[in-house]
*Asks:* 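So that we are looking at the same thing, I have put the structure below in structure tokens.
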Amino acid sequence: MARSTAHPPTGDGGRPDRTLIARIAAAERWARTSDRVAATEPARRGLRARFEREADPGGVLDVAERSGRADALFTAHMLRLARASATARRNRAG
């Protein structure tokens, strides 16, 4: 089986350090971005739209109610991420 040459090996048996590669790419990207808020706006809009669709899949709620429910779903999502992060840190600590 041929080894992929998409990423250079890191010396650990040929497996690339994907985290480091991603961090390098992110640093380079943000170094070239003059307006971070504008650059991330489409992602924020998309995430908001996702929670609004989950809150009101039929599109029957008024705007204020849909917005409030989307806010609650977003909060729940962030709390799940925080819990997963805390669990991962606890597991790494042993």
*Asks:* Tell me which pairs pass salt bridge (charged side-chain N to carboxylate O under 4.0 Å, His left out) where either residue lies in residues 31-43, with sequence neighbours left out.
*Replies:*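 Pairs touching residues 31-43 that pass the test: Glu41-Arg44, Glu41-Arg45.
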
*Asks:* Only pairs at least two apart or in different chains count here, so list each salt bridge (charged side-chain N to carboxylate O under 4.0 Å, His left out) that has a residue in residues 78-94.
*Replies:*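 Listed by first then second residue: nothing to list.
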
*Asks:* Applying side-chain contact (heavy atoms from CB on, under 4.5 Å), can you list everything that pairs with Ser34, at least two apart in sequence or on another chain?
*Replies:*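 Result, side-chain contact (heavy atoms from CB on, under 4.5 Å) vs Ser34: none returned.
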
*Asks:* Cluster partners of Leu79, using ILVMFWY side-chain heavy atoms under 4.5 angstrom, listed by chain and number?
*Replies:*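 ILVMFWY cluster around Leu79 holds nothing else.
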
*Asks:* Ignoring hydrogens, what is the shortest heavy-atom contact between Ala70 and Ala55? Give both atom names and the distance.
*Replies:*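 For Ala70 and Ala55, the tightest heavy-atom pair comes out as N-CB, 3.9 Å.
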
*Asks:* Distance alone, cut at 3.5 Å: any donor-acceptor contact between the side chains of Arg23 and Thr19?
*Replies:*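 On atom types as modelled, these side chains do not qualify, holding no pair under 3.5 Å.
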
*Asks:* Taking side-chain hydrogen bond (donor to acceptor under 3.5 Å, both in side chains) as the definition, give me every residue that meets it alongside Thr75, ordered by chain and number, with sequence neighbours left out.
*Replies:*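 Thr75 satisfies side-chain hydrogen bond (donor to acceptor under 3.5 Å, both in side chains) with no residue once adjacent residues are dropped.
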
*Asks:* Scan residues 49-61 for pairs that pass salt bridge (charged side-chain N to carboxylate O under 4.0 Å, His left out), counting only residues two or more places apart or in two chains.
*Replies:*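 Passing the test, one end in residues 49-61: Arg48-Glu52, Arg50-Glu54, Asp56-Arg66.
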
*Asks:* For Asp62, enumerate each residue passing the side-chain contact (heavy atoms from CB on, under 4.5 Å) test, keeping only those at least two apart in sequence or located in another chain.
*Replies:*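 Residues passing side-chain contact (heavy atoms from CB on, under 4.5 Å) with Asp62: Ala64, Glu65.
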
*Asks:* Restricting to ring pair (Phe, Tyr, Trp, His ring centres under 6.0 Å), what partner residues turn up for Phe51, sequence neighbours left out?
*Replies:*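 Phe51 satisfies ring pair (Phe, Tyr, Trp, His ring centres under 6.0 Å) with Phe74, His77 once adjacent residues are dropped.
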
